[in-house]
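To start, the structure itself, in structure tokens.
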Number of protein chains: 2
Amino acid sequence: MATIYEVSKLAGVSLATVSRVINNTATVREATRERVEKAMRELGYQPNTMAQSLASNRSNSVGVVVSELNGPFYGTLLSEIEKAFRAVGKHVVFAASHSDQAIEQQSIEFLKSRRVDALILHVESVSDEYLAKLNQTDCPVIILNRDVPALEKQCITLNNRLGGYLAAHYLLQLGHRDIAYIAGPQWKSDARDRYLGHCDALREAGIEPNPELFYEGDFQETGGTQGFLALQQKAIAFSAVVCGNDEMAAGVIAEAHDQDIDIPEKLSIIGFDNVNFSHYVYPKLTTIDYPIASMGQMAAHWILQHVYQQKTPPLQQLFEPKLVIRDSTTHYDDNCAKNSP
Amino acid sequence: MATIYEVSKLAGVSLATVSRVINNTATVREATRERVEKAMRELGYQPNTMAQSLASNRSNSVGVVVSELNGPFYGTLLSEIEKAFRAVGKHVVFAASHSDQAIEQQSIEFLKSRRVDALILHVESVSDEYLAKLNQTDCPVIILNRDVPALEKQCITLNNRLGGYLAAHYLLQLGHRDIAYIAGPQWKSDARDRYLGHCDALREAGIEPNPELFYEGDFQETGGTQGFLALQQKAIAFSAVVCGNDEMAAGVIAEAHDQDIDIPEKLSIIGFDNVNFSHYVYPKLTTIDYPIASMGQMAAHWILQHVYQQKTPPLQQLFEPKLVIRDSTTHYDDNCAKNSP
DNA sequence: TTGTAAGCGTTATCAC
DNA sequence: GTGATAACGCTTACAA
């Protein structure tokens, strides 16, 4: 593989000049540039990125760590990030923590050891302090789906509260009054915010949230099923159930099928995230769209701008969810048997 | 960040010795090794991977290119590959071709410019010749889900024909005789093989495959829907339909719902791949499991063994699919209205 | 505008 | 066993 030295010899210029045309780092006379480019072409020259990195103290690569890769969510994220960086010749190296708390921090360190120029993190278990410290080293960090006060300029988040509001508001609009809620783990801020938005909408409609209609699940399909069963045990009936995410909504739907409950006629169900399988469930799931692709893109833009000094469209930190109406919800009907024991 | 030089000074040894303890590359007296290790710990030393790569001509990273990242398939693949390599301190950098023919080759070149030690490819559009040439350079290639004759030792594939056989065989066993087939694009060898297996089972049962019961789809959900509609137009009735993949099966199920056709009572449906949403469709999809996780792991093992000289479990190139029985299939029943105009 | 030369932090080849 | 020292291929002052 040809080196910069051979190029310089063939073009009859110095190493420095070749480097200049490679990096556009100083003005080079047009004639010279052309001679160099010709030489590069003839030799099929490709800069050795390792040498570049070593000399410039820049790896031209960014790291991404996500908690899970199997799910319907992170593929889209990674895909978008990679696309954005490749367009400017930067590589992305990634690690998955496989939802393991111990591995998460280790993943970050692992990528740092690769001297990535920046890190995009979608993580849950590491502490705010750790993230703040990390950012102070040499490696800017941008954080998805989480608010770290010390890093407020570098967090890209969804307005989860608004999302929760939109879901409940839609159901209220359809005439539902007794709306059950199957939440995600309440130690997670997004799960909490979604429920807060839910309560906002209820109160706005003059309804006080009823603890009897609340169940704390685990964001998994089975959690949805269990939540639905638990809610049915209670004394109070409901005509709709909103879930903290689509997986749990799928769990509810599955159980409803088992019990021969017609959806949406007897029970309206609404999810959250709009993951890629949400239109494979039957009936197709009404849900709240989480614009993960745009958020990934924005993370890339932030780094492009702040780390690589590239021009990008204006940055945005807070994203708005949108209601996606499909077939799992319908008007409240007095005749509909409310769901209760 | 501490360098190897500082470590050597603190430990009172030469650069070379420190390098030796880092790489276990020659015998170092126990006392010396300990002094060096202590120094490394005290300085929080981490080798600079760029410098290592430059000097050793090894990047300690492997590249992965996949055609798509959104789908339900590649996340699992990447996840498994990353896990295997991280365990031995190797990084993985990836690129997605976003199903774009032009980008695919460019993605490969992009990763090669990063001097990856090896490449794992799940690609369709580049030619066999290109792959063979690629492998001859400096960069071993391992290929997933595709047979490249010139690289037969480096291809990891699924026995698609067996998979097709298993699906049809199961339906025959259930008593179905008129079985429609919605295939993937027949220029793809996996799509072809699956159908061949289907025919194998039919002939084994003394049934000659009927071209009227065959439709060539596109592996997409909409293709399944269109295929189902097209098959219904034909003069011949069928009691079951097998699809070249799960997406198309989902399309058939959606259309069946629209037409109020009971599944599986009136129509049995079977997919292929066992993607992560296959149990979210209703009824849960009977399908053929594609062991993508094991295959990704095997790709990693191959590289670990041949490129990094690590010991691994024995390698395996051909994987066997398995029938996964769920709720979209049932016994053939004479009373069942066959599907026809 | 172009050239010279000193790094960048390792590994690897010699000697000792 | 250990230590000098020359690569590795590039960037980047500093000169010219």
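Every chain is numbered from 1, with letters handed out A, B, ... down the list of sequences.
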### Task
Applying side chain to side chain donor-acceptor pair (under 3.5 Å), name anything that partners B:K9, two or more places apart in sequence or on another chain.
none
### Task
Could you list the residues that satisfy side-chain contact (heavy atoms from CB on, under 4.5 Å) with A:Q310, not counting sequence neighbours?
A:V88, A:L304, A:Y308
### Summary
Its 5'-most and 3'-most nucleotides having an atom under 4.0 Å from a non-hydrogen atom of chain A, DNA chain C is contacted over C:dT1 to C:dG9
### Query
Near DNA chain D, under 4.0 Å by heavy atom, which residues of residues 27-43 of chain A?
none
### Task
Applying side-chain contact (heavy atoms from CB on, under 4.5 Å), name anything that partners A:A2, two or more places apart in sequence or on another chain.
A:E6, A:L43, A:Y45
### Those residues that, when tested against A:N57, pass side-chain contact (heavy atoms from CB on, under 4.5 Å) (two or more places apart)
none
### Query
With distance as the sole criterion, is a donor-acceptor pair present between the side chains of B:Y74 and A:S79 under 3.5 Å?
no
### Query
Would you say the side-chain atoms of A:E68 and A:S99 include a donor-acceptor pair closer than 3.5 Å?
yes
### Task
Report the residues that fulfil side-chain contact (heavy atoms from CB on, under 4.5 Å) with A:Q305, sequence neighbours left out, ordered by chain and then residue number.
A:T312, A:L315
### Message
The criterion is ring pair (Phe, Tyr, Trp, His ring centres under 6.0 Å); which residues satisfy it with A:F110, sequence neighbours excluded?
### Response
B:H91
Exercise answer: donor-acceptor pairs, residues 148-158 of chain A side-chain atoms, under 3.5 Å, sequence neighbours excluded:
| unit_1 | atom_1 | unit_2 | atom_2 | d |
| --- | --- | --- | --- | --- |
| A:Q154 | NE2 | A:N135 | OD1 | 2.7 |
| A:Q154 | NE2 | A:V141 | O | 2.8 |

#### Entry: All side chain to side chain donor-acceptor pair (under 3.5 Å) counterparts of A:S61, not counting sequence neighbours
A:S59, B:R114
### Task
Take the C1' atoms of the five end pairs on each side of the helix from C:dT1-D:dA16 to C:dC16-D:dG1, derive the two axes, and give their angle rounded to 10 degrees.
30°
#### Entry: OP1 or OP2 of D:dG3 under 4.0 Å from side-chain N/O of B:T17
yes
### Base-contact (B) and sugar-phosphate-only (S) positions in nucleotides 8-16 of chain D, heavy-atom cut-off under 4.0 Å, - elsewhere
BBBSBB---
